[in-house]
Amino acid sequence: MAAESLERILGEHPFFGGMEEPYLQLFVDCASNVRFNAGEVIFREGEEANTFYLIRHGRVALETSAPERGPVVIQTLGEGEVLGWSWLVAPFRWRFDARATEVVRAIALDGRCLRGRSEEDHDLGYELMKRCAQVMEQRLQAARFQLLDVYGSGVRSKR
Amino acid sequence: MMASLSDPMAPRPFRVQRVRKETYDTFTLELDPPHSAANGLSFAPGQFNMVYVPGVGEVPISISGDPGRPATLVHTVRSVGTVTNKLCARGRGSMLGVRGPFGSSWPVEEAAGSDVVIVCGGIGLAPLRPALYHIMAHREKYGRVILLYGARTPDDLLYKTELPKWRGHFDLQVEVTVDATSNGWRGNVGVVTTLIPPARFDPENTVAMVCGPEVMMRFTLLELERRGVPAENTFISMERNMQCAVGFCGHCQFGPTFICKDGPVFRYDRIQPIFATREI
Amino acid sequence: MRKLSQSEPAVLERDQLQWLLQALINRGYRVLGPTVRDRAVVYDDLTSITDAPAGWTDEQDGGTYRLKKSANGALFGYSHGPTSPKKFLHPSVVRMWRAKIRNGFHIEEGPEEAAKLAFVGVRSCELHAIAVQDKVFLDGKYSDPIYKARRENAFIVAVNCGHAGGTCFCVSMNTGPKATFGFDLALTEVVDPERHYFVVEIGTKLGVDVMDNVPHKAASAEEKAAAERIVARTARQMGRTMDTNGIKELLYRNYENPRWDAVAKRCLTCGNCTLVCPTCFCTTVEDVTDLAGEHVERWRRLDSCFTMDFSYIHGGSVRSTPRARYRQWMTHKLATWIDQFGASGCVGCGRCITWCPVGIDITEEAGAIRQSEELTERSMTRGRRKS
């Protein structure tokens, strides 16, 4: 895909909303198209986190493995969502497995490169941090809501 | 003195025709009036009945059937206490008492011309199903129609055979998610609010209808607000202890409103301050 | 005797009052009036004037009620007691229907029948309370057949208060002490050294008819003036006051006022206030069955928003703390009632103050909340001026 289309796609994505030109170009330079087949593992818990993804199509399951239960899906992410923020926060290691549950097409962004540039250019770093903080906030809220287990009957014991 | 038909506290007899098990604790009952009254029980989507198990007690249950076909009265009941326990155990042919319909209804007429987003959690789909039926029966009057439904686990989903049928409609978007998965579930995992940001509707021209546990509604309302849906176009269904359903016993008061007559469906902006007050 | 018209007050001597009771009894009324029982003045069956609380008056204050001998031997020298006409119009335990459940479900009988009631000694605050309950039970989309049956045929003999109770604030609530509507007859008791009489105002045609059976004269100008003086004096002796200016908005603004925490520390959530209040109407429904399982009944009994069960929905109570429950009661009474029924739920009788075991005073609580706003306002203005 030509660079102009990547630029258009990134520019339209909510994650980059309000990002100024020189930075946007930088992201385009660090971006590439990727595709995962159904069932393919995108990254594993504990691995170094150096890439993040904007999902363009398909569904990704965030999983962890419990010895007696096997893989447990914590959350799924779909079209338009950002996969991964551990690349920006020390110790830069993935916390969960990410697996494509169907064919996934995404834009991969070089997190390691962006980390380096952010150390030099703090304005860039701030723009990135703001956006990732937004993603983290949404995930945290959703996780807390999930914890509340609101659909329990409250009277009978749960299964 | 005979209790006349106009006595709002006197139940009418209805006979259980069919019982469908939805989940381990939730059942859908289909009821007929024993003397085949012409129109069964005509109702507006969102309204509820007081359903009486003779000798045991009476509980408020939303009507979950098709308002366009009121000859059969449909109630989806979750077993959470003495009366609902007995209600779920009622077999075909047994007799129940019904008073109603009571309460306010979903704004299905007023939503004509807009996109419609229905967000429900757990048993919250039951009071919204009649609205969905109505909208599907008059589909051309509405813009995009989206159903977002969240349940605890895949086993807790209601209307399991109907959901894929609705999904199969070309002009209806149905997204389902579960809080926690079980093996074999290949759908979304996550709370129902995660379905809102990617849903394709025009916030400035959308009517949102929300129903589920109060906490779920709170999170959902925040998410809808984030998307830019005005509070005047958002409707929720509230629940409180209810005994008479006609505004006399005082139990269902919610601030200055009686949920049995001013609700259960409320326009969110009208109750926003009360909704935000703890223990009111 | 010339036939009275509604516009002409009559006068009755004290010993002619029995005629009035008899006239009502002869018309088939169950006559309910004041009598002393367990050291309080309560409404009960009254067939003879000798059972009325002659010579008794009361001393009331927060958590305090005492009967005392009065100086002038008046029949209606007390202000009010723990019961009100609500006891009979909105009975505390009543059957709603009875049904057979063999081979289906058939309602055999509706609500219990009620006798025709005549109330004697009803105060202006109680007349307003009856009007408040009329709005609740008769004016909405549905009407309550139990209340309606008892209310429609009720004959009311009101009494204009000659003695203001220690906790009374009807003047603040615009509900007394003079009875201005809702009665068939209204009496003002005048006790002079030489003479003990009643000025009788006629409120309805039925009142005229009943008075036909009671020896009386037309009231003179002096008698009418004496009655007016007594009522005016009572109005000046109120035990409490309440500023009702904007009270609805005041309470709507103050759901989180710390005053609620303070009162919650004292409130026992005993519910006495709801029992003695003449407007509190909350009830609970009870379904019962006989042992054979052939007959079922539905009963209604008086309930109180102070109980834990009141707001119970699957899993717990919405108002689990005393703070939330006291706040609900007071905000309902003074504020949300206005949005629900077009008028305040409080008639200023003060019973809740008298019968509260710890003497919580609704007028004091409302005043404290109002004051807390004024204090905040003042300190904020001061702050602004400094900077």
Side-chain angles (χ1 to χ4, degrees), chain A residues 13-15 17 38-39 54-66 68-83 96-104 134-159, chain B residues 23-26 77-85 88 120-125 149-158 175-200 211-220 222-223 226-227:
Chain A
H13 196 284
F15 186 78
L54 303 180
I55 302 173
R56 294 192 59 218
H57 172 87
R59 190 188 288 123
V60 175
L62 290 176
E63 294 176 342
T64 189
S65 196
E68 68 284 3
R69 288 166 69 184
V72 177
V73 177
I74 307 293
Q75 185 175 9
T76 57
L77 301 172
E79 187 180 317
E81 298 194 76
V82 173
L83 170 62
F96 292 107
D97 296 339
R99 186 173 53 81
T101 63
E102 51 193 64
V103 170
V104 169
Q134 193 75 62
V135 173
M136 285 182 229
E137 189 262 352
Q138 280 168 2
R139 299 289 156 82
L140 182 58
Q141 284 302 89
R144 282 172 166 168
F145 181 4
Q146 217 161 347
L147 261 179
L148 285 170
D149 197 15
V150 297
Y151 304 128
S153 68
V155 178
R156 292 150 75 93
S157 60
K158 299 182 180 52
R159 281 179 305 167
Chain B
T23 74
Y24 82 101
D25 67 355
T26 308
V77 185
R78 186 179 188 190
S79 175
V80 293
T82 319
V83 182
T84 47
N85 230 322
C88 289
C120 41
I123 192 143
L125 176 53
Y149 176 36
R152 196 159 173 260
T153 68
D155 290 335
D156 293 298
L157 292 168
L158 298 179
E175 299 296 345
V176 175
T177 185
V178 293
D179 283 4
T181 186
S182 49
N183 290 337
W185 176 255
R186 292 148 64 85
N188 292 316
V189 177
V191 288
V192 69
T193 43
T194 58
L195 300 176
I196 297 172
R200 286 207 198 88
C211 186
E214 218 169 297
V215 176
M216 170 255 164
M217 291 200 292
R218 270 217 302 278
F219 276 86
T220 301
L222 258 165
E223 213 51 52
R226 228 201 270 239
R227 270 295 294 268

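Source: prediction; values computed, not measured. In what follows, chains carry the letters A, B, and so on, assigned in the order in which the sequence lines appear, proteins first and then strands, with residues in each chain numbered from 1.
Shortest non-hydrogen contact noted between A:Arg59 and B:Arg186 is NH1-O, 2.9 Å. The shortest non-hydrogen separation linking A:Tyr151 to B:Met216 is OH-CG, 3.8 Å. Taking each heavy atom of B:Pro198 and A:Glu79 in turn, the nearest pair found is CB-O, 4.3 Å.
Qualifying salt bridge (Lys or Arg N to Asp or Glu O under 4.0 Å) partners for B:Glu175, counting only residues two or more places apart in sequence or in other chains: B:Arg167.
In terms of non-hydrogen atom pairs under 4.5 Å with chain B, the most contact-rich of A:Glu81, A:Glu137, A:Glu102 is A:Glu137. For the options A:Val72, A:Leu62, A:Val73, A:Thr76, heavy-atom pairs under 4.5 Å to chain B are most numerous at A:Thr76. Taking chain A as the reference chain and counting heavy-atom pairs below 4.5 Å, the highest number among B:Gly212, B:Gly150, B:Ala180 is found for B:Gly150. Comparing B:Gly187, B:Pro197, B:Gly124 by heavy-atom pairs within less than 4.5 Å of chain A, the highest count is held by B:Gly187. Between chain B and the options A:Ala142, A:Gly78, A:Pro71, A:Gly80, heavy-atom pairs under 4.5 Å are most frequent for A:Ala142. The most heavy-atom pairs under 4.5 Å with chain A, out of B:Thr194, B:Val178, B:Val191, come from B:Val191.
Using a 4.5 Å heavy-atom threshold, the side chains of A:Leu148 and B:Phe219 count as touching.
The structure places CG of B:Asn188 at 9.5 Å from CD of A:Gln75, a figure rounded to the nearest 0.5 Å.
Using a distance-only test at 3.5 Å, with no hydrogens or angles considered, a donor-acceptor pair links the side chain of A:Gln146 to the main chain of B:Asp179.
For a residue to count as touching a neighbouring chain, one of its non-hydrogen atoms must lie under 4.5 Å from one of that chain's; by this rule B:Arg218 does not touch chain A. For A:Ile74, the part lying under 4.5 angstrom from a heavy atom of chain B is the backbone only.
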